Amino acid sequence: MEEKKESLNFIEQIIEDDLSTGKHKQIITRFPPEPNGYLHIGHAKSICLNFGLKETFNGKTNLRFDDTNPSKEETEYVESIIEDIKWLGFEYDNLFYASDYFEHLYEWAVMLIKNGKAYVDEQNPEQISEQRTNPSVPGIESPYRHRSVEENLKLFQEMKEGKYADGSMVLRAKIDMNSPNMHMRDPVMYRIIKKHHHRTGDKWCIYPMYDYAHGQSDYIEGITHSICTLEFEVHRPLYEWFLEQIDTSGKRPRQIEFARLNITYTVMSKRKLLELVKNNYVNGWDDPRMPTISGFRRRGYTPESIRNFADRIGVARRENMIDVGLLEFFIREDLNKNANRVMAVLNPLKVIITNYPEGKTEQLDAQNNPEDISAGSRKLSFSREIFIDQDDFMENAPNKFFRLKPGGEVRLRYGYFIKCNEVIKDSEGNITELHCTYDPESKGGQSPDGRKVKGTIHWVDSKTCFDAEVRLYDRLFIKENPEDTNENETYLDYLNPDSLKTITAKLEQSLIDAKPMERFQFERKGYFCVDKDSRPDKIVFNRIVTLKDSWTKISGNE
RNA sequence: UGUCCGAUGGUGUAAUGGUAGCACUUGUGAUUUUGGUUCAUACAGCCAAGGUUCGAAUCCUUGUCGGACAACCA
């Protein structure tokens, strides 16, 4: 058998190394979201990374909720996160919560106090911050830094018992007030928060900080590779310091950082996404314009397309800005193979075929998917009056326009050749309908005389088509990088006013039973997905993405 | 200003001291009953300067540019 050599990303190389040197027999990774918001496509990158590592190296991956701050976290978010991970197609080996470890974490904190490595500080946040000064200047020690172990033990115990008010004191690690790394200047380990926790209720009123809880939680679970984004790089010495306090074997989890995902024409920070939702710039976390996983799902993206995207963009340590077009490529690639084709007229223009018998209807054969013969075929009804799309007709057309024009002939997809004879207008000069004639010999789209017709356009039969709401989505922002703001502007100044256009379209009869989440290609227009707002008497479609369109490029250049 | 990190076509990512490759994008042509798909083809890159070496994208030095950090958030 031939050996297949795939190039590894830098994390895979580290793991392969650890496995071959015997440092680890099996790897365990974890995905550790805080349940304070919905997951976005950046999290999808992290999920695909962590779970992908489990698959390629035959390891394990835990889902762990980093729920150490009860003032921000809710069960609603826990549920949506679980749903998103499952939808992406991954299974976690264990479901844990940092709050599972509160007792253990507390005991370790007591141990640190006993070892003279932690102390209770009664200063307020401003004082503590001031004493840390700035990186180029040594910090100033807290007046409480050298309290006795006994006093620290007593105060910490009382903190836990709820004797003190929120913000009145904290437990700090005693590390190095002169470190050039600010995170090492006696970081806060515990603070008092008298709030109801979504899992532990009112049992605790002191909560561990991220830096203290995270590494120890990794340790408890036996995580071998703790993967996070670049901004935690400066936390790594602290991560290691806390672990050294409980284990010096060197078999501790290792933190590895990679560059977070950025995509053009969108924002990715939780804070900004929350703001978009709260201030109704979008309609909720799963608005199809949102870069959240639930937004992409509702928009009609498939899990495969997102996983392929995550694979393709790779994992590295340099900052990146991925073209949103790459994501569109992967959904088109998937749906081109898998979505059935149908005909839908987005901006209807009535066409009367004057030489077609009144009252007659016939059934035409149409392929469901030319890329997949097994998708079969369906019948399309055809009669004297049909609708075509407005932009498939031009009264004064340039040469390269090979759709319908006065005196010109065009093929109706799966139907007949028609020729435009008369343009009917209203008193204001708007085109209201077209009078055409058809060639009865050209049924199915070919003429016995073999004459070529350059253009083929889509249409629906006025007798059997029905109206549906179609939501045309475009990018949410008009600026490639909305976070790169000019003076006196914020990312909100770059919102695209046309990111959603709602229209009423005419759809072919077969779509009358379309169910939420079903995806189709509207021929020549794009891929569309039935929205969850859809009802049997009022079907709603979302546009996932347009088809690639070289015509607008050509016509735009003229 | 201090410490740390990073730099390969337009974008993203490989090459681990030995031929700079792949994907997206873009251009051109062919096929096509979707101006889609598919196929062919082209354009286009190692931040800079020194050094080590038979040989450097890769190692070293310096510089330039970009980023991270200074919550009782994660």
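On a predicted model such as this, the values are computed, not experimentally measured, just so you know. Atoms considered below: every heavy atom in the structure, side chains included; atoms not considered: hydrogens, waters and symmetry mates. Just so we're on the same page: letters track the sequence lines, and every chain starts at 1.
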task: For nucleotides B:G67 and B:G9, find the distance between their C1' atoms and express it as a whole number of Å.
output: 22 Å
Among the nucleotides B:G27, B:A71, B:G35, whichever has the atom closest to the side chain of A:M209 is B:A71
task: Could you check whether A:T264 gets within reach of a base, just the sugar-phosphate, or nothing at all, counting any heavy atom under 4.0 Å?
output: nothing
- Message: Under 4.0 Å, heavy atoms only, any strand: does A:V137 hit a base, just the sugar-phosphate, or nothing?
- Response: nothing
Minimal heavy-atom distance between A:Q157 and A:E161, with the atoms involved, is NE2-OE2, 2.6 Å
* To do: Evaluate the ring planes of A:F522 and A:F528, with Trp represented by its six-membered ring, and classify them as parallel (under 30°), tilted (30 to 60°) or perpendicular (over 60°).
  => parallel
Distance between the C1' atoms of B:U34 and B:A15, in whole angstroms?
-> 40 Å
Next on the checklist: Base, sugar-phosphate or nothing for A:N124? Non-hydrogen atoms, less than 4.0 Å.
Outcome noted: base
Measuring only the C1' atom in each nucleotide, how far is B:A57 from B:U8? A whole number of Å is fine. 7 Å
### Message
Over all strands shown, is A:R411 touching base, sugar-phosphate only, or nothing at heavy-atom distances under 4.0 angstrom?
### Response
base
> Rounding to the closest angstrom, what is the interatomic distance between B:U3 and B:U26 at atom C1'?
Replying inline: 42 Å
Relative to each other, are the rings of A:Y38 and A:Y77 parallel, tilted or perpendicular (30° and 60° limits)?
perpendicular
Less than 4.5 Å apart, side chain to side chain, heavy atoms only: is that true for A:R524 and A:D392?
yes
What's A:K72 touching, base or sugar-phosphate or nothing? Going by heavy atoms closer than 4.0 Å. base
query: Quick one: the side chain of A:E371 and the base of B:U38, do they pair up donor-acceptor inside 3.5 Å?
result: no
note: A:L380, atom CG; B:U34, atom P; distance rounded to Å ~ 15 Å
Taken to the nearest whole Å, CZ/A:F401 to P/B:G35 is 11 Å
With the side chain defined as heavy atoms from C-beta on, A:P370 is closest, among B:G35, B:A14, B:U34, to B:U34
Check ion pair A:K174-A:D186 (N to O, under 4.0 angstrom): no
- [ ] Could you check whether A:F402 gets within reach of a base, just the sugar-phosphate, or nothing at all, counting any heavy atom under 4.0 Å?
- [x] base
Parallel, tilted or perpendicular, as decided by the 30° and 60° cut-offs, for the rings of A:Y438 and A:F382 | tilted
Rounded to whole Å, CZ of A:F10 lies from C1' of B:A57 at a distance of 19 Å
Per atom distances to the A:N9 side chain, the nearest of B:A74, B:A14, B:C72 is B:A14
On the 0 to 90° scale, with breaks at 30° and 60°, tag the A:F520-A:F541 ring pair as parallel, tilted or perpendicular. perpendicular
- Query: Which word best sums up how the rings of A:H197 and A:Y207 line up, parallel for under 30°, tilted for 30 to 60°, or perpendicular for over 60°?
  - Reply: parallel
| So what does A:P32 hit on the nucleic acid, given a heavy-atom distance under 4.0 Å: a base, only sugar-phosphate, or nothing? | nothing
> Using the P atom in both, what is the distance from B:A56 to B:C24, to the nearest Å?
Replying inline: 33 Å
Answer yes or no: side-chain N or O of A:R341 and base N or O of B:U34 forming a donor-acceptor pair under 3.5 Å.
yes
To the nearest angstrom, the CD1-P distance between A:I81 and B:A74 comes to 15 Å
Heavy-atom nearest nucleotide on RNA chain B taken for A:N320 and for A:K525; more 5' hit belongs to A:N320
Mind checking if A:Q521 touches a base, just sugar-phosphate, or nothing, with heavy atoms under 4.0 Å? base
CD1 (A:I14) and CG (A:L19) are apart, to the nearest 0.5 Å, by 12.5 Å
Per the glycosidic torsion and the 90° limit around 0, nucleotide B:A30 is anti
Separation of B:G66 atom C1' from A:E483 atom CD, nearest Å, is 16 Å
Here the distance between atom C1' of B:A70 and atom NE2 of A:H235, to the nearest Å, is 11 Å
Phosphate OP1/OP2 of B:C22 contacted by A:S7 side-chain N/O (<4.0 Å) | no
*asked:* It should be established whether A:K270 places a side-chain nitrogen or oxygen under 4.0 Å from OP1 or OP2 of nucleotide B:C73.
replied: no
Quick note, A:D549 side chain, CB onward, closest among B:G35, B:G12, B:A74 is B:G35
Exercise for review: Scan A:Q123 against the nucleic acid and name what it touches under 4.0 Å (heavy atoms): base, sugar-phosphate only, or nothing.
Suggested key: base
Check: With a non-hydrogen cut-off below 4.0 angstrom, is A:Y414 in contact with a base, only sugar-phosphate, or nothing?
Finding: base
Of the candidates B:U34, B:C72, B:A14, the side chain of A:R413 sits closest to B:U34
Open item on the list: At 4.0 Å (heavy atoms only), tell me whether A:S179 reaches a base, stays on the sugar-phosphate, or touches nothing.
Closed with: nothing
Taking atom types as they are modelled, is there a donor-acceptor pair under 3.5 Å from the base of B:A68 to the side chain of A:H183? no
- prompt: What does A:R403 touch in the nucleic acid at a heavy-atom separation under 4.0 angstrom: a base, only the sugar-phosphate, or nothing?
  reply: base
Picking from B:U34, B:U11, B:U13, the nucleotide nearest the side-chain atoms of A:T456 would be B:U34
*asked:* I'd like the P distance from B:G21 over to B:U41, given in whole Å.
replied: 15 Å
query = B:G35 base stacked by A:W551? Criteria: ring centres under 5.5 Å, plane angle under 30°.
reply = yes
When rounded to whole Å, the CD1 to C1' distance for the pair A:I388 and B:U34 reads 15 Å
- Query: What is the nucleic acid contact for A:F232, judged by heavy atoms within less than 4.0 Å: base, sugar-phosphate only, or nothing?
  - Reply: base
Here the helical stems involving RNA chain B, each at least 3 consecutive Watson-Crick or G-U pairs closer than 3.5 Å, sorted by first residue number, are B:2-7 with B:64-69, B:10-13 with B:21-24, B:26-30 with B:38-42, B:47-51 with B:59-63
* Say you pick atom P in B:G55 and the same atom in B:G50; how far apart are they, in whole Å? -> 15 Å
When every non-hydrogen atom of A:L243 is compared with those of A:G215, the smallest separation belongs to CD2-O, 3.5 Å
Considering only heavy side-chain atoms of A:R312, the closest of B:A74, B:A23, B:G35 is B:A23
Considering only heavy side-chain atoms of A:S550, the closest of B:C72, B:G36, B:U13 is B:G36
Scoring nucleotides 1-6 of chain B by protein non-hydrogen atoms under 4.0 Å (B base, S sugar-phosphate only, - none) yields BBSSSS
A:E34/A:K270 ion pair, N-O < 4.0 Å: no
Taken to the nearest whole Å, CD1/A:I263 to P/B:C24 is 17 Å
query = If you measure from the Lys or Arg side-chain nitrogens to the Asp or Glu carboxylate oxygens, is any gap between A:K272 and A:E275 under 4.0 Å?
reply = no
Check your understanding: Can you tell me how far C1' in B:A7 sits from the matching atom in B:U13, rounded to whole Å?
Key -> 14 Å
_Taking any heavy-atom pair under 4.0 Å as a contact, classify A:M169: base, sugar-phosphate, or nothing._
nothing
Between A:E333 and A:L326, whichever has its closest RNA chain B nucleotide further toward 5' is A:L326
Are A:R147 and A:E122 within salt-bridge range, i.e. N to O under 4.0 Å? yes
>> In terms of relative ring orientation, are A:F477 and A:Y491 parallel, tilted or perpendicular, with 30° and 60° separating the classes?
In response: tilted
